[in-house]
Amino acid sequence: MAKNDKPNTQQRPATPSTIGNGGELHQTAGRGEVLTTQQGAPVADDQNSLRVGDRGPLAMEDAHFREKIFHFDHERIPERVVHARGYAAHGYFENYASLRSITKADLFQRKGERTPAFVRFSTVAGSEGSADLARDVRGFAVKLYTQQGNWDIVGNNIPVFFIQDAIKFPDLIHSVKPEPDRGFPQAASAHDNFWDFASLMPESTHMLMWAMSDRAIPRSFRFMEGFGVHTFRLVDAKGESRYVKFHWKPKLGMQSVLWDEAVKINGADPDFHRRDLWNAIGQGDFPEWELGLQVFDDAFADAFEFDVLDPTKLIPEEVLPIRKVGRLVLDRVVDNFFAETEQVAFCTQNIVPGIDFTNDPLLQGRNFSYLDTQLKRLGSPNFTHLPVNAPKCPFANFQQDGHMATQFRAGRTNYEPNSWTGDDRGPRETADGFTSFPAVDDGPKRRIRPESFADHYSQARMFFVSQTAIEQQHIVDAFVFELSKVERPDIRVRMVANLRNADEDLAARVADGLGIAVPMASAAAVAADTTLAPSAALSILGTPLASLAGRKLGVLVTDGASAAVVRGLQQAAAAEGMTMEVIAPKVVGARLDDGSMLPAQQRVGGGPSVLYDVVAIVASADGATLLATLPAAKDFVTDAHAHAKFIGHVAAVEPLVVATGLSDLVDDGYVDLAAAGGPDSLISAARAVRFWDRLG
Ligand code: HDE
């Protein structure tokens, strides 16, 4: 990887003498390869602390020891109170065309222009060390270093949210995080407190549908959508405003795992999503999303069935088409996880001229909140000086001092107005600086929830009926799973009572799964509008994949396996843009029937089939007999079968299939690799991702 080619001898950049040249990661390299203290003094012995005599006490004057231990003791900063577990990469946003007619935002003015970007994906509920495949919303936070300042679109992979008013956010998060007395469960919504809260908050029903759907267990960050969630404004040069909803559409299409896979992936590779992003970028397989806009005016907003300020509602693409305006490409992994991924400070209030907020009460609350969290985590108002957070355009103001200030203005003035000239004068306002859209708002000061936010079920129902039968079943299964982890029966009943308001069929199936009678529906402020048309775009499986690019083929091989078949698989995978990983009884690999040595990346057991999108088993007769004795090899097949994967095989693997007891269940999802064009047939069949018929 190119980044590893970088010599580790860079000089520490000169301390900037004026505000405005931040943005570069300061790498420390000491004096070439010499180990030094933080003060730069060369260290002669880093193995032994200074002591008196052979067995005497340590000397207090050992400044090197003291500094080293002191620094180590302070390595941790508070993890994010939400979205603690995350992974990020650098890249750029590129315009397809100028958007001058709808926004004056500088980054959108010129076709083909690239704006540097930093994107962090995350789960919400789990701690920093939690597993990647928790059932959870994924954060999708994008920092765009525009020429007119940093613009943060701090979104999720789900276009709506649980609550309508930011004042309920601490309650929501408290309810989903580990319960305060016992400190568990970690990274799981399947517990009493969450469902107690959710079932008492009917406004969460729409989001619950998404959270119980396959959207909440994505196969990879690369295969999920992103959303700005709130309605924002675009403001043009004439000061006119249009409303906008932001969408990120993955170029590789969407894909999710099955719940049973998620559970097993969490054990086999808790870093599954991180590793996927790291590897993809390292291989030059740069993940890409298109930025889509839904732009609308007051007339649309007034006519639309729901309040566009209500963050529990979306605007279906079929009602308001998405215009693709550019692409976001992630092409560089971080140099240092802590310096960049951990210290990046997204703030919803970071917007630029040409973009503005609306009165979405959740957004307004967020705008107030994010500075606090950065101060808490990063410890100083100067977190903006950190390279990952500093703008890449010039910036200048009279803010000064504070803990860890590293940027300062030379010159005599630190106030304005001033009458100094030249270098002492300092920066001044500009006519084309940020101005808020002059929306007119008036009314009595009250704590209220507007009537226009009262419908909690129509879009929940729309989401459910927009899913394919398989996806609906997954939603039912997820509700049943989660509510079965709830200990208090009344909470289960209350949740099902709410679901009745969204969809009777769903409620009945969940009740059946829980073994309870369908309860009376809870009182709904507004009955669900059952005439809302389904939106195909809400379904993942509704849009078949064009290709398996970016996916992974896992090939279980043994000594004596057919070299021709293995080569065929390699070619078919490469032609599709897939990567192929070899799993063998020993990690050194397998000697194929042409005498060549095929190196393995995984030993059987270390590379279970849940880690792959498509699997193949290419064994010799002896090899298959050996595999049939290995529980992990049998699991490889039984899991692939249970997860409805397409399975490539050769006749010789029969003993292994027999050992799994699946011989009579072999179906059209099993592809004979020895047949003419076998490997290609496997890949083209697998574009359906799963052989769903197997699951009945
Ligand atoms: Fe956040 N959120 N949030 N949030 N959020 C944070 O900021 C908050 C909300 C989202 O990768 C925190 O830097 C409040 C909605 C993402 O670093 C904190 C409310 C959406 C990330 C915070 C919300 C999000 C955060 C914690 C209710 C989707 C991770 C650490 C009004 C549109 C960013 C931090 C990253 C992070 C507050 C609701 C997305 C505490 C008060 C809705 C992707 O400031």
Side-chain angles (χ1 to χ4, degrees), residues 77-90 117-128 136-144 150 152-177 201 203-204 206-207 210-211 215-216 218 221 224-232 245-248 273-274 277 309-314 330 334 337-351 357-379 383-384 386 388-389:
I77 62 172
E79 67 172 30
R80 290 166 173 82
V81 62
V82 282
H83 296 267
R85 170 95 183 155
Y87 210 60
H90 295 272
F118 189 71
V119 180
R120 183 174 180 273
F121 305 103
S122 48
T123 50
V124 177
S127 296
E128 222 261 87
D136 201 351
V137 185
R138 297 300 183 287
F140 195 124
V142 180
K143 190 181 281 292
L144 295 163
N150 291 352
D152 294 354
I153 311 178
V154 197
N156 279 344
N157 76 329
I158 291 180
V160 291
F161 203 63
F162 293 102
I163 50 171
Q164 295 173 322
D165 190 316
I167 201 167
K168 296 311 294 172
F169 192 63
D171 300 290
L172 166 72
I173 299 305
H174 287 176
S175 81
V176 73
K177 287 263 186 181
M201 295 286 289
E203 71 201 54
S204 67
H206 186 194
M207 178 75 165
W210 286 79
R215 299 268 179 163
F221 298 135
M224 64 186 201
E225 291 185 330
F227 303 90
V229 177
H230 315 283
T231 299
F232 290 86
K245 291 239 179 220
F246 298 112
H247 298 251
W248 298 107
H273 284 164
R274 305 188 155 191
L277 192 65
L309 300 183
D310 176 354
T312 65
K313 307 297 186 302
L314 55 82
L330 298 183
V334 296
F337 180 86
F338 183 86
E340 300 169 81
T341 311
E342 194 56 21
Q343 294 198 120
V344 66
F346 292 95
C347 295
T348 52
Q349 69 275 22
N350 292 351
I351 55 170
F357 309 118
T358 61
N359 289 342
D360 174 338
L362 200 63
L363 175 60
Q364 302 250 322
R366 295 179 72 198
N367 289 341
F368 186 79
S369 161
Y370 284 64
L371 272 180
D372 282 319
T373 209
Q374 308 313 350
L375 182 63
K376 175 75 182 170
R377 284 195 320 113
L378 300 166
F383 68 84
T384 54
L386 295 169
V388 72
N389 294 325

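Values reported hereafter were calculated over all heavy atoms of this structure, with side chains retained and with hydrogens, waters and symmetry mates removed. We count ligands from 1, going down the list as the structure has it; atoms in each ligand are counted the same way.
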Side chain, backbone, both or neither: Leu362 near ligand 1, heavy atoms under 4.0 Å: both
Salt-bridge present (Lys143, Glu340; N to O < 4.0 Å): no
Tyr370 to Val154 - nearest heavy-atom pair and separation: CE2-CG1, 4.2 Å
Ligand 1 atoms in contact with Phe346 (distance to a heavy atom under 4.0 Å): 11 (O), 17 (O), 33 (C), 35 (C)
Those atoms of ligand 1 less than 4.0 Å from some heavy atom in Arg80: 17 (O), 30 (C), 35 (C)
For Ala166, atoms of ligand 1 separated by under 4.0 Å from a heavy atom: 31 (C)
Proximal atoms of ligand 1 relative to Gln374 (non-hydrogen, under 4.0 Å): 13 (O), 34 (C)
Asn389-Thr384 side chain donor-acceptor pair, cut-off 3.5 Å: no
Per-atom contacts, ligand 1 versus Thr373 - under 4.0 Å to a heavy atom: 7 (O), 12 (C), 13 (O), 18 (C), 26 (C), 30 (C), 34 (C), 40 (C), 44 (O)
Residue and atom names of protein N/O/S atoms that fall under 2.8 Å from atom 1 (Fe) of ligand 1: Tyr370 OH
From Phe246, Phe346, Phe121, Tyr87, residue fulfilling ring pair (Phe, Tyr, Trp, His ring centres under 6.0 Å) relative to Phe140: Phe121
Worked verdict on Asp310 versus Gln164 for side-chain hydrogen bond (donor to acceptor under 3.5 Å, both in side chains): CA-CA 6 Å; Asp310 176 354; Gln164 295 173 322; 3.1 Å; yes
Nearest protein heavy atom with distance in Å, relative to atom 28 (C) of ligand 1: Asn156 ND2, 3.1 Å
Phe161 side, atom CZ; Leu314 side, atom CG - distance, nearest 0.5 Å: 15.0 Å
Atoms of ligand 1, numbered as shown, that sit under 4.0 Å from any heavy atom of Arg120: 11 (O), 17 (O), 35 (C)
Geometric class of the Phe232/Phe357 ring pair [parallel <30°, tilted 30-60°, perpendicular >60°]: tilted
For Val229, atoms of ligand 1 separated by under 4.0 Å from a heavy atom: 32 (C)
Gln364 side, atom CD; Asn359 side, atom CG - distance, nearest 0.5 Å: 5.0 Å
Partners meeting ring-ring contact (aromatic ring centres under 6.0 Å, His included) with His273 (sequence neighbours left out): Phe221
Phe227 six-ring face occupied by Lys245 cation (under 6.0 Å, within 45°): no
Whether Gly155 lies under 4.0 Å from ligand 1, heavy atom: yes
Atom indices of ligand 1, in the order listed, that fall short of 4.0 Å to a heavy atom of Val81: 40 (C)
Gap between atom CZ of Arg366 and atom NE2 of His230 - 0.5 Å precision: 4.0 Å
